[in-house]
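Quick notes on the structure that follows.
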Amino acid sequence: MSVSAPHALAVWGRNASMYRRTWKRNILPNFFEPVFYLASIGLGVGAYITTMGGTSYLAFLAPGLVAVAAMNGASFEVTYNIYVRLHFEKAYDAMLTTPIEPDDVLAGEILWAITRGGIYGGCFFVVVTLAGLAPLPAALWALPLIPLTGLLFASVGMVFSLKIPEIDLFSFYFTLFLTPLFLFSDVFFPLQERLPEQWLWLGEALPLLHPVRLARAAFRGEASPILLWDLGYMLGLSALLLAWARRGVRNRLTN
Amino acid sequence: MIVDVENVSKRFGARTAVDRLTLQVPPGICFGLLGPNGAGKTTTMRMVYGATRPTSGAIRVFGLDISKNARAVRARLGVTLQQNVLIEALTPEENLRVFGRYHLLREPQLSQRVGELIELLELASHAKVPVKQLSGGFQRRLAIALSLMNRPELLILDEPTTGLDPAVRLALWGRIRELRAAGATVMLSTHYMDEAERLCDRVAIISAGRVVDHGPPAELIARHLAPEAVEIDCSPEEEALLLAGLGAPRHRMRVGGRIMVYLDNAAPLIDQIRRREPERLHSLVIRPANLEDVFLKLTGTMLEAGT
Ligand SMILES: Nc1ncnc2c1ncn2[C@@H]1O[C@H](COP(=O)(O)OP(=O)(O)OP(=O)(O)O)[C@@H](O)[C@H]1O
Ligand SMILES: [Mg+2]
C-alpha cells in the first residue's frame, strides 16, 4: 500500500468542499487575531522595551507569530476536526468503500491541515506586512515556512490524536503542549539568552523553536548555518512521525 | 465467483463476530445475508470490501485477494452502508460531486455522472437543499446513488430499506432488480424476510457469525418446514389439547401467546378446531410457510424472546 496522489487530493477535496461554504465567515477572525496580538503585546508591552535582539519589540515579535498561526491552524484540523470526521461524520467509512486507502486518508488530511495552517499563517503574514513589519522581499522567505510549519504540527497532532482518541483530552494537547510551546519557543523573548548553558539542548528540542528561528532569520534577511539544523529538524521529525502515524491510521480505519 | 469467502473468522478482542464463515456469490445474482442483530452481517460485508481485515481465512472478490488488491477491487464495487454517511451541510448534488472525486471522476464526466444519478434515483426535486433537511427516505436514496457512482459490477447493500416507507421500498426493489438485470451482482443484508424472498436468488442465514444454512429461499423453506403454516392464539397449557390426535407436526414454534404449526396438510387441524373450539377460529391464520418461519426456526431468536 502506498499513497496515491489523486486519491489523497480527493480526501483533501472533501474538506475543501465543506470549507468553501463557510470560509467567508471563518477567515475574518484570522485577520483580527494578529491585529490584537500586535496591538496588545507588540505596542502595549513593546512600549516598555526599547530593543529586543537588535530590533523593535514589534519587529521581534512578528515573524514568530506567523509561525504560531500556522501551528494553530494545522493543529485544530488534526485534532478536533479529524475527531469529528472520524466519529461523527464517519467520513472515512465512506472513503473506504471507494479506492481510497488509509494512506491516502492520512496524506489528504495532512495536506488539508497544511492548507488550513497556510490560511491562518498567510492571513497573519498579510497583516504583518501591511503593518510594515515584514521587510520585503527578504521576508518572503518566510512564506515557504508556513506550510512546513503546518506539516510539522499536523504530524505531531496526528500522532497525538491516534494515541489519545478521547475528544476531551485534546484540551490537554492545547493547554499542556501547544501553549507552553507558544510561550517558550523564542516568540516573545530570545530563549537561548535566558537558558543556562547546560539546558540549551532542551530549547533545541522544542518543535516550535525551529520555525520561529527560521521565520525571524527570513524577516531579518540573515542566513546562518544553524538554519540548516532547523530545516533538518522540521523535515526529519515530520517524516518520523508520519511513518508512525501511517500504521496507526491503518489500524484505526481498517480494524 | 464474484465473492468467495473461505473459512473466514473475525475477532474483536475476546468477541468473535464472524466464525469460520464460508460463502460464495456467483455472478449476476442477488445474494441475501440474513441473520439476527449482531450475527456478523456488517462485519462480513466490511471484510468483503476490505474495510475490516479478517483474523483468519481468505476472501477473493472478482478473483482477486482483497487483502492485496483493495484499491483495484473497490474501484469495481459500490457499497451502501447500514448507516447513511452523508455530508449533512452539503446538498445531494455536492455530496455526489465529492464522492465522484473519490473515484477520480473529472469534468466533464463528473457532472454527467452526477446528473445521471440524480435522475436515476429521482433526487432532482431536492438536489440543491442541504442534506440535513431531507427526509430519511430521500437520504437513503442519495446514499444508494453514491454507491452507484462507479457503475459497480458488485453492489453491496447493508440493510438498504430499513426505515423506508412501503412506496420507497418498492421503488428501490425495482432499481435493484434493474441493476441485476443489467448484469450487476448484488449482495445485500436485510431483516425483512419478505424483501429477501422477493429480491434474492440465494440467501445465507447466519447466526453468531456462522452460516446456519444457505440456498434459494424456496429451497430453504422446503428443506426446513412443511408447506402449510397455521397460526393461532393458544396458551402453552392448551397446546396439547389443540393438537391432540393429529400426530406430531413436523415443526411448531411459539411466540408468546401464539403458536405456529407447520403441516403438509392443514385441513385436519382446521376441521378439528372448527368442531371442538370454533371460538378460536377468529385468531386463526392459514398461510404458506415462508422465509421468516425458516429464519425463526434456524436462528431461534424469537422463540427465546417469546418465552
Ligand atoms: N469494531 C468493532 N469492535 C468490537 N466489536 C464489534 C465491532 N464491530 C462489530 N462488533 C461486534 O461484532 C458482532 C457482529 O456485529 P455486526 O455489526 O457484524 O452484526 P450485524 O449482523 O450487522 O448486526 P445488525 O443486524 O444489528 O446490523 C457484534 O457482536 C458486534 O458488537
Ligand atoms: Mg449490521
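These numbers were taken from a predicted model, which means no experiment stands behind them. Labels below follow one simple rule: chain letters A, B, ... track the order of the sequence lines, proteins then strands, and each chain is numbered from 1.
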Rounded to the nearest 0.5 Å, the CG atom of Asp93(A) sits from the CZ atom of Arg46(B) at a distance of 5.5 Å
| Counting heavy atoms not belonging to Gln83(B), are there more than 12 under 6.0 Å from its CD? | no
Assert top hit (heavy-atom pairs under 4.5 Å, partner chain B, pool Val11(A), Asp104(A), Leu253(A)) equals Asp104(A)
Decide side-chain contact (heavy atoms from CB on, under 4.5 Å) for Thr97(A) and Ser147(B); before the verdict, give the C-alpha distance in whole Å, the side-chain angles of both, and the deciding distance to 0.1 Å. CA-CA 8 Å; Thr97(A) 70; Ser147(B) 66; over 6 Å; no
For Trp173(B), does the CH2 atom sit with more than 12 other heavy atoms under 6.0 Å from it, leaving out its own atoms?
-> yes
CG of Leu86(B) to NZ of Lys90(A), rounded to nearest 0.5 Å, is 13.5 Å
For Ala75(B) and Pro99(A) the tightest heavy-atom approach is CA-CG, 3.6 Å
Query - Any Arg101(B) side-chain heavy atom under 4.5 Å of Pro6(A) side chain - result: no
Comparing Met149(B), Arg76(B), His103(B) against chain A, the one with the most heavy-atom pairs below 4.5 Å turns out to be His103(B)
Subject >> Asn251(A) and Arg53(B), any side-chain heavy atoms less than 4.5 Å apart >> reply: yes
- Around atom CZ of Arg247(A), are there more than 12 heavy atoms of other residues, nucleotides or ligands at under 6.0 Å? no
If one checks every heavy atom of Lys10(B) against chain A at 4.5 Å, the contacting part turns out to be side chain
One option among His7(A), Glu89(A), Met95(A) has the most heavy-atom pairs under 4.5 Å with chain B, and it is His7(A)
Residue from Val79(B), Ile156(B), Leu104(B), Val98(B) scoring the most non-hydrogen pairs under 4.5 Å with chain A is Leu104(B)
Residues Asn95(B) and Arg14(A): side-chain donor-acceptor under 3.5 angstrom:
no
Donor + acceptor pair across side chains of Thr98(A), Arg74(B) (<3.5 Å):
no
Correct closest heavy-atom pair for Val85(B) and Ala94(A) would be CG1-CB, 3.7 Å
Under 4.5 Å to a heavy atom of chain B? For Asn15(A) that would be neither
Count the heavy atoms belonging to other residues, nucleotides or ligands that lie under 6.0 Å from CZ of Phe172(A), then report whether that count exceeds 12. no
Determine whether more than 12 heavy atoms belonging to other residues, nucleotides or ligands lie under 6.0 Å from atom CD of Glu178(B). yes
**Prompt:** Would Asp103(A) and Arg71(B) pass as an ion pair if we require N to O under 4.0 Å?
**Reply:** no
Here the gap from Leu90(B) atom CG to Arg20(A) atom CZ, rounded to the nearest 0.5 Å, amounts to 9.0 Å
Of the listed Leu96(A), Thr22(A), Leu9(A), the one with the largest count of heavy-atom pairs under 4.5 Å with chain B is Leu96(A)
- Message: Assess the residue pair Met18(A) and Glu88(B) against the criterion (side-chain contact (heavy atoms from CB on, under 4.5 Å)); give the C-alpha distance rounded to whole Å, side-chain angles, the decisive distance to 0.1 Å, and a yes or no.
- Response: CA-CA 10 Å; Met18(A) 293 184 72; Glu88(B) 301 219 326; over 6 Å; no
For Thr254(A) and Gly50(B), the nearest pair of non-hydrogen atoms, with its separation, is CG2-O, 4.0 Å
